[in-house]
Amino acid sequence: MKKLKRWQKIILALFVLGLAACVWEFFSSQNPWLLSFKRNIKYEVLHLSPENTVHELGGLSGSAEEIVRYVDGAEAEKLDFSADCKKIYYDPDRDVSRVVNYLDGWQLTFPGKVELDQSLSPLFLTVLGEDYDVTISRERAPYQSKKDIITFELSTFLPFFPDHTVQDYIEHYEYRFLLNREWQESNRVYVGQMGELLFHAKVEGLTEGQYDSYLYGAFPTGSREYIRVVWRFHSTANDSFTQLAETLQNDLRCFDPVGEGHYQTDFYPDTSQTNWSAETQTVYDSLQEQSQDPLWGVFMGDFVQNGFHGELPKLEEKLDFHFPVVLYYVHLPSMEFPAELMQEAKDQDRIVELTLQVTDSNNMDLFGPSPQLAIYRGELDETIREFARNVRDLGHTVLFRLGNEMNSDWTSYSGVNNLCDPHIYTAVWQRIYRIFQEEGANNLIWIYNPNDRSAPPAKWNNALAYYPGNEYVHMLGVTGYNNGTYYAYQGETWRSFGEIYDKVQEEYEPHFIRFPWIITEFASSSVGGDKAAWITDMFQRLGDYPNIRIAVWFSAADYDEAGNPARPYWLDETEETLNAFREGLAGKWNL
């Protein structure tokens, strides 16, 4: 055998070392794409089972027994790991239940016997105990810079290399308000740290029956994924923060998730108890007719100063068109009901899409007092009643949009800004709805309107988590802007109407197919593309979405910090944009 030369040995050694590094990287890397690939091999190619009764029964007494198995939300004799699988054990000696969620890859033990709310199982699982509930989700930290990517990959390749990118993501995007001292003091919420990503909160001023104590935990899995746990209970309960924290830290087990999630939702507009006025019933019935062309609405920047007799008539004259719908914003509790403006709309035969935002600061002072929590505590009931009576006395149909874009981190009433708990939003919505009903305001069509992109894009913050319930919602509001490219360095890109609303339809249609939809506000910027061509394409594509019954153009602008129009949305910005819209309204582009 021919002896290798020195340089050949070096090349061979480098090749072997490189091959070993690639193998090590494959097995150690937690890159999201590679992680998914490895799990597919594990479960779909090798057909390994995630079920491990040794681990599942570990720490339980010998009398522990399996209560029930679930497949796609239904009880089953045998688990099918290609589906959505759960399991519950009960230990009568310790009086605890152990839940195993194969879909999200975790198991945890809870006091007493429990039930499972699996309605939004692809997003999260809620465990219901006698005096508590726990929402658990497997989340991922998606926001990362190039530096974060390098740091994270090095940490998985070299175990001794420190990485805090996931922790930094969690602390900033989920808990920056809750962990902020100013926010805590402004909202009478007392927060205590119990671990690196483990803390508790006590909310003052809640009424009996409301959960006033929270335990938050985020548990990294070695990847960019982490298990998020929010435990809600009464401060008078026997369970202490310390006991629950010990349970989370010592009992939570994470493993590879497997299966495909299954929703158990039946969303539909239950109008049986609305007691609508004859006019409002007629308007709503017409919105159910998909054979009719969508209605058009508009918002203009001078509405606040000049109402609907300022720039609006000038725009309508240019378009030779009367907008039947106009958009207006009111802030609660800082603004009074705009009675004169609403009457003006009624006199002009227009329907107002009245957007009520629960904010004292136009959503600017997010670390200050949250009016959302004030309503949750029952402190603003009389203010709401007065507003409801004003709407009632108008005697004209109102498209009522309450708390839009709640699945964001830029509104005073968002989940992120209110204890990171979507239950608060739904409870406030239901409280306001009931007060309006009690005051006889039977002329409102209630619009549920999340943002088309959740921020942060977490499962717990998904739009479905905020849905108030079938009897409280009559229309689905969808919102998607072509923001343009002014902030390209922040990842903004030019998006066509079809790109935006194809995705909206894909996400919402399976759940909200029985609702009439309204594009509550939308527009195209002129920065980064041909705005007139965008409008023409919009008219050509609008008919592809038969559920959309109203579309409202936001004819204003977003400004940068220097006061420059960063996103010019004006409908009459140029003669070309005006002509494109005029031709679309005239039916040239066949809706």
Side-chain angles (χ1 to χ4, degrees), residues 67-76 79-88 97-108 110 113-139 210-211 214 227-233 257-272 403 406-407 415 419-431 433 446 448-450 454 457-477 506-515:
I67 294 182
V68 64
R69 301 180 180 203
Y70 295 97
V71 175
D72 288 343
E75 294 188 23
L79 296 178
D80 174 8
F81 292 113
S82 66
D84 184 342
C85 295
K86 313 279 193 297
K87 184 191 290 184
I88 302 178
S97 297
R98 176 163 291 168
V99 177
V100 186
N101 184 356
Y102 299 98
L103 180 69
D104 272 352
W106 58 262
Q107 71 175 46
L108 186 60
F110 304 91
K113 288 190 175 182
V114 300
E115 297 180 354
L116 303 182
D117 178 354
Q118 303 184 61
S119 56
L120 299 178
S121 180
L123 301 175
F124 50 76
L125 180 68
T126 300
V127 178
L128 306 172
E130 184 176 351
D131 288 309
Y132 65 87
D133 64 38
V134 189
T135 300
I136 309 172
S137 56
R138 192 181 192 101
E139 303 288 359
Q210 293 177 305
Y211 290 126
Y214 289 74
I227 304 298
R228 178 186 186 270
V229 182
V230 178
W231 201 309
R232 307 191 314 159
F233 61 101
V258 62
E260 183 176 350
H262 180 76
Y263 287 101
Q264 296 179 63
T265 60
D266 187 19
F267 296 164
Y268 64 93
D270 181 0
T271 61
S272 59
M406 77 302 291
N407 57 325
L419 294 164
C420 299
D421 182 9
H423 293 95
I424 292 175
Y425 179 87
T426 58
V428 166
W429 179 296
Q430 293 169 6
R431 188 183 199 106
Y433 186 95
W446 292 66
Y448 173 65
N449 184 196
S454 297
K459 292 181 179 179
W460 73 266
N461 194 42
N462 185 279
L464 299 182
Y466 295 89
Y467 181 69
N470 292 341
E471 66 181 283
Y472 305 99
V473 178
H474 308 135
M475 293 188 74
L476 175 71
E506 179 184 358
E507 181 176 352
Y508 289 151
E509 190 175 50
H511 307 287
F512 298 102
I513 185 64
R514 287 184 278 180
F515 288 83

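Nothing here was measured: the structure is a model prediction, and the numbers come from that model. Note that the numbering runs from 1 along the sequence shown for the chain. Just so you know, these numbers use all the heavy atoms, side chains as well, and skip hydrogens, waters and symmetry mates.
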Fill in: Pairing residues for Lys87 by the salt bridge (charged side-chain N to carboxylate O under 4.0 Å, His left out) criterion, not counting sequence neighbours
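Listed in chain order: Glu51, Glu56, Glu66.
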Practice prompt. Applying salt bridge (charged side-chain N to carboxylate O under 4.0 Å, His left out), name anything that partners Asp133, two or more places apart in sequence or on another chain.
Written response: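 Scan of Asp133 (salt bridge (charged side-chain N to carboxylate O under 4.0 Å, His left out), adjacent residues dropped) gives Arg232.
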Fill in: Which residues share a side chain to side chain donor-acceptor pair (under 3.5 Å) with Thr271, sequence neighbours left out
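Result, side chain to side chain donor-acceptor pair (under 3.5 Å) vs Thr271: none returned.
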Practice prompt. Quick one: list whatever passes side chain to side chain donor-acceptor pair (under 3.5 Å) with Asn407, sequence neighbours left out.
Written response: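 Listed in chain order: Ser454.
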Taking ring-ring contact (aromatic ring centres under 6.0 Å, His included) as the definition, give me every residue that meets it alongside [X], ordered by chain and number, with sequence neighbours left out.
X      : value
His423 : none
Phe267 : Tyr467, Phe512
Tyr433 : Trp446, Tyr472

Discussion item. Taking CD in Gln430 as the centre, count heavy atoms belonging to other residues, nucleotides or ligands within less than 6.0 Å. Is the count above 12?
Written reply: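 Above 12, so yes.
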Interatomic spacing from [atom1] in [X] to [atom2] in [Y] - rounded to 0.5 Å:
X      : Y      : atom1 : atom2 : result
Phe124 : Asn461 : CZ    : CG    : 10.0 Å
Trp106 : Ile227 : CH2   : CD1   : 8.5 Å
Asp117 : Leu125 : CG    : CG    : 7.5 Å
Phe81  : Leu79  : CZ    : CG    : 4.5 Å

Practice prompt. Sequence neighbours left out, what pairs pass salt bridge (charged side-chain N to carboxylate O under 4.0 Å, His left out) with at least one residue falling in residues 118-132?
Written response: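 Every pair satisfying salt bridge (charged side-chain N to carboxylate O under 4.0 Å, His left out) with a residue in residues 118-132: there are none.
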With sequence neighbours excluded, residues passing side-chain contact (heavy atoms from CB on, under 4.5 Å) with [X]:
X      : answer
Glu471 : Asp270
Asn462 : Leu123, Leu464, Glu507
Glu75  : Val68, Tyr70
Gln264 : Gln118, His262

Whether the side chain of [X] engages the backbone of [Y] through a donor-acceptor N/O pair (distance < 3.5 Å, no angle test) should be reported.
X      : Y      : answer
Tyr425 : Gly403 : yes
Asn470 : Asp266 : yes
Lys459 : Arg138 : yes

Item to complete: With the side chain counted from C-beta on, respond yes when Val127 and Leu116 share a heavy-atom pair under 4.5 Å apart, and no when they do not.
Response: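 Val127 vs Leu116: side chains touch.
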Worksheet item: Cation-pi between Arg228 and Trp460: NZ/CZ under 6.0 Å from ring centre and within 45° of the ring axis?
Response: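 Yes, Arg228 sits over the ring of Trp460.
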